Structure formats: structure tokens, C-alpha cells
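This report concerns only the one structure given below.
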Amino acid sequence: MDFRTIQCHETLRPFIRNYWLLTSYCTATGTQQMFSNGAASLHFYLSQDVRIDGGEQCYSTVLFHQNMQKVGIVSEKGPFNIFGVEFVPFCSRMFFRGEMNGTYASPEELHDEELAVLSQRIHETVGTEDRVVLLDDFFMKRLSEFPEGDVNIVRLNNVFDDMVPTDGNTIGCQEQFSTADLASTACLSQKQFTRIFSKYVGMNPKSYLRLLRFHKALMMLQGEASSTSCGNRMNIAWQCGYYDLAHMISDFRDICGYSPSELIHSGTKLTEAFSPQFSGLMKKKIKIENVI
């Protein structure tokens with residue numbers, strides 16, 4: 001399996017984390033489990049159409065509006081190559097028209113004709129550099145059409161500056177935040193802030209803080225993967241704001257479907273879809289099964 005990130009045009013970097021390319025081969029029909037990093041992502045499935053676990057429709061292009069729900073991507077034996085876009089958590093709605101009613105949607109389900117044309121051109125184009133040009137042109141055009149000075153984008157940017165470090169640090173103090181704290185930073189009432197946050201990010205502030213805590217614990221556990229000490233993991237649970245180790249294990253199972261031990265020691269590759277330079281806390285993890 002080969003995974004690499006690709007920078008978007010510098011104009012887009014405040015809003016798009018990066019583009020990425022995953023090139024792999026499925027040794028059998030299987031499901032690639034994806035759990036949330038809190039950021040929307042656009043996936044172009046280049047080598048084969050996929051199904052979302054539990055559904056029958058096949059997709060060649062999918063926009064994922066992240067929330068706490070796990071998503072299974074069902075693929076067949078053969079090449080499994082994805083060209084993707086990872087957005088800053090609260091900025092994806094700047095580039096897409098129409099409202100998403102669920103976790104994922106195709107361009108057709110969004111009724112976005114320009115996005116559907118982009119999807120077709122991405123699939124018809126062979127070279128990575130040419131695909132990057134197509135994406136840059138599309139997103140810069142959409143950015144030029146977005147109203148300047150969107151006050152909610154400014155408010156959420158201030159909130160994320162406080163909540164998620166952008167200097168590559170891996171340990172933050174997000175467990176000390178509350179929805180009231182974040183609403184105060186945004187200069188909004190809790191009710192107004194929760195509504196705006198949920199609309200732009202795809203989940204409510206409380207769920208997002210829970211997700212941050214999960215990712216902080218995951219990174220600390222990966223750093224201590226050689227240690228199987230229950231006491232050590234208990235200490236990590238406390239440092240990340242969990243009541244106890246059982247609470248952390250329950251949270252892991254709820255968010256990603258695995259206990260901390262199962263996730264760390266499964267021997268499965270965890271692919272990071274963007275660099276820690278944007279945020280040391282928010283790392284997308286895609287658990288790859290039946291893929292080499």
C-alpha cells in the first residue's frame with residue numbers, strides 16, 4: 001500500500017488541508033472501516049466503484065460529512081485506488097451546494113452538476129498532476145463565489161484556534177473545554193453556537209470535543225504501544241479526561257468499533273490522511289482490511 005499527501009494551491013490552504021492519493025490492492029472482497037476525524041472529505045474511487053456498508057448503491061465519488069458514525073467502504077478484490085480531498089473541519093460547506101441529510105452523498109445526490117462534471121473529469125484523467133489542476137481550479141472558483149466576510153467562518157476559526165493546536169503539538173487540553181467556553185469564544189449563546197457549529201462541522205460541539213479526546217488518547221497509546229501495562233493505560237485515560245479505563249475502552253468501541261488494545265495491536269496499518277503540521281490532534285485513521 002502506498003499513501004502520499006499532495007499540497008493544494010496556496011490560496012486554498014486555509015480551507016483545505018491537502019489532497020491525497022492511496023494506491024493499494026485488495027486481496028479479497030472486504031470492508032475498509034473509516035472512523036471520523038471531524039473533517040469532511042471528498043473521495044474519488046479511481047479503480048473500482050464501492051458500496052457503503054449496509055447499502056446497495058455503488059459510488060465512484062463520495063463526499064463524507066463527518067460525524068460520530070463509523071462508515072464501512074465495501075470493495076472487491078483488485079486494485080483499490082483513491083484520490084481524496086481533506087477539508088478544514090468547518091470549511092467544507094464553502095465549496096459545496098445543497099444540504100447533506102446524512103453522513104455521505106454523491107454529487108448527484110447533492111444535485112451539484114458542476115461537482116458531477118468534476119467527478120467525471122477526475123475519473124477520465126490519468127495523471128495526478130492533471131487531477132490536482134482540476135481540483136485547484138474547481139475549488140478556487142467555488143471560493144471566489146463564496147460571500148466574503150462570512151461571520152460564522154470567522155467565529156469558528158477563532159474557536160478552532162483555541163480548541164485544536166495548529167503547530168504540530170500532539171497534546172492539548174481540550175478536555176478542559178466545555179460548550180459554554182467555546183460559545184463564549186464565538187461571542188454567541190450556547191444555543192446559537194451549537195446550531196452554527198453543527199451546521200458547519202457536521203456534529204455538535206460536545207461530540208467534537210469527545211472526538212478530540214479520543215484522538216488524543218489514540219496518539220498517546222500509539223506512542224506507548226510497547227507497553228501493555230493496565231496502569232499505564234489507566235494513566236493515559238486520566239490524562240485525556242476519561243473517568244477511568246473502562247470509560248475510555250467504551251468510548252473507543254463506540255467511535256471506531258475496537259478496544260484500544262485491538263486497535264493498537266491488530267497489526268493493521270493506520271493511514272494518516274494529512275500531516276500533523278495542520279493539527280497534532282486531528283488525524284484521520286482508516287483501518288485497511290484485506291489490503292496490501
Side-chain angles (χ1 to χ4, degrees), residues 5-9 12-22 32-45 50 52 59-73 82-112 114-116 118-119 122 135-136 138-143 145-146 150 152-153 155-157 159-160 163-164 166 194-205 207-212 214-215 255-256 271-275 278-279 281-286:
T5 58
I6 305 162
Q7 281 198 330
C8 60
H9 190 278
L12 299 169
R13 289 174 196 166
F15 317 102
I16 295 176
R17 285 171 165 165
N18 58 31
Y19 307 144
W20 51 268
L21 180 64
L22 174 69
Q32 289 73 50
Q33 297 292 341
M34 183 172 70
F35 53 92
S36 180
N37 70 339
S41 56
L42 180 63
H43 293 188
F44 301 93
Y45 295 96
V50 300
I52 309 299
Y59 293 89
S60 61
T61 299
V62 184
L63 174 64
F64 292 97
H65 190 188
Q66 293 286 3
N67 54 31
M68 297 296 285
Q69 182 179 340
K70 301 180 290 293
V71 177
I73 309 299
I82 313 172
F83 197 80
V85 183
E86 203 71 50
F87 297 93
V88 171
F90 55 93
C91 292
S92 62
R93 67 178 294 108
M94 301 172 70
F95 300 104
F96 300 104
R97 295 163 182 166
E99 295 294 333
M100 289 184 63
N101 296 319
T103 304
Y104 59 89
S106 67
E108 292 75 20
E109 289 168 337
L110 290 171
H111 306 290
D112 192 329
E114 291 181 350
L115 180 60
L118 172 68
S119 172
I122 289 289
L135 289 174
D136 280 346
F138 176 84
F139 290 125
M140 283 194 287
K141 179 177 182 295
R142 286 289 170 96
L143 186 62
E145 297 168 350
F146 191 78
D150 184 301
N152 290 326
I153 291 290
R155 286 168 171 161
L156 289 172
N157 184 68
V159 168
F160 274 74
M163 185 168 54
V164 183
T166 57
T194 298
R195 177 180 58 80
I196 291 170
F197 190 99
S198 300
K199 180 178 180 180
Y200 279 72
V201 178
M203 66 180 73
N204 63 47
S207 294
Y208 196 90
L209 289 169
R210 179 187 174 200
L211 193 63
L212 283 177
F214 161 79
H215 279 280
I255 292 173
C256 69
T271 301
E272 297 177 1
F274 53 89
S275 103
F278 177 82
S279 164
L281 285 172
M282 298 306 294
K283 293 188 177 183
K284 186 182 184 69
K285 303 292 181 182
I286 305 176

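For reference, positions follow the sequence shown, starting with 1. On a predicted model such as this, the values are computed, not experimentally measured, just so you know.
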What distance do [X] atom [atom1] and [Y] atom [atom2] have between them, rounded to the nearest 0.5 Å?
{"X": "Leu12", "Y": "Phe95", "atom1": "CG", "atom2": "CZ", "answer": "5.5 Å"}
{"X": "Leu63", "Y": "Tyr104", "atom1": "CG", "atom2": "OH", "answer": "12.5 Å"}
{"X": "Arg195", "Y": "Tyr200", "atom1": "CZ", "atom2": "OH", "answer": "9.5 Å"}
{"X": "Leu22", "Y": "Tyr45", "atom1": "CG", "atom2": "OH", "answer": "9.5 Å"}
{"X": "Ser36", "Y": "Phe214", "atom1": "OG", "atom2": "CZ", "answer": "9.5 Å"}
{"X": "Lys70", "Y": "Gln33", "atom1": "NZ", "atom2": "CD", "answer": "8.0 Å"}

Compare all side-chain heavy atoms of [X] with those of [Y] and state whether any distance is below 4.5 angstrom.
{"X": "Phe90", "Y": "Ile196", "answer": "no"}
{"X": "Glu86", "Y": "Asn37", "answer": "yes"}
{"X": "Phe64", "Y": "Ile73", "answer": "yes"}
{"X": "Phe96", "Y": "His65", "answer": "no"}
{"X": "Cys8", "Y": "Asp136", "answer": "yes"}
{"X": "Ile122", "Y": "Phe138", "answer": "no"}
{"X": "Phe160", "Y": "Pro89", "answer": "yes"}

Test Arg142 against Asp112 for salt bridge (charged side-chain N to carboxylate O under 4.0 Å, His left out), laying out the working first.
CA-CA 12 Å; Arg142 286 289 170 96; Asp112 192 329; 2.8 Å; yes
Which atom names give the shortest non-hydrogen contact between [X] and [Y], and what distance separates them?
{"X": "Ile255", "Y": "Phe35", "result": "O-CB, 3.7 Å"}
{"X": "Pro14", "Y": "Cys91", "result": "O-SG, 4.3 Å"}
{"X": "Leu211", "Y": "Gly38", "result": "CD2-N, 3.3 Å"}
{"X": "Ser198", "Y": "Asn204", "result": "OG-CA, 3.3 Å"}
{"X": "Phe197", "Y": "Leu156", "result": "CD1-CD2, 3.8 Å"}

Name of the residue among Phe83, Trp20, Tyr59 meeting ring-ring contact (aromatic ring centres under 6.0 Å, His included) with His43:
Trp20
Run the ring-ring contact (aromatic ring centres under 6.0 Å, His included) test against Phe15 and tell me which residues pass, sequence neighbours left out.
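Listed in chain order: nothing, the list is empty.
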Would you say the ring centers of Phe87 and Phe139 fall short of 6.0 Å from each other?
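Between Phe139 and Phe87, which both carry aromatic rings, the centre distance is below 6.0 Å.
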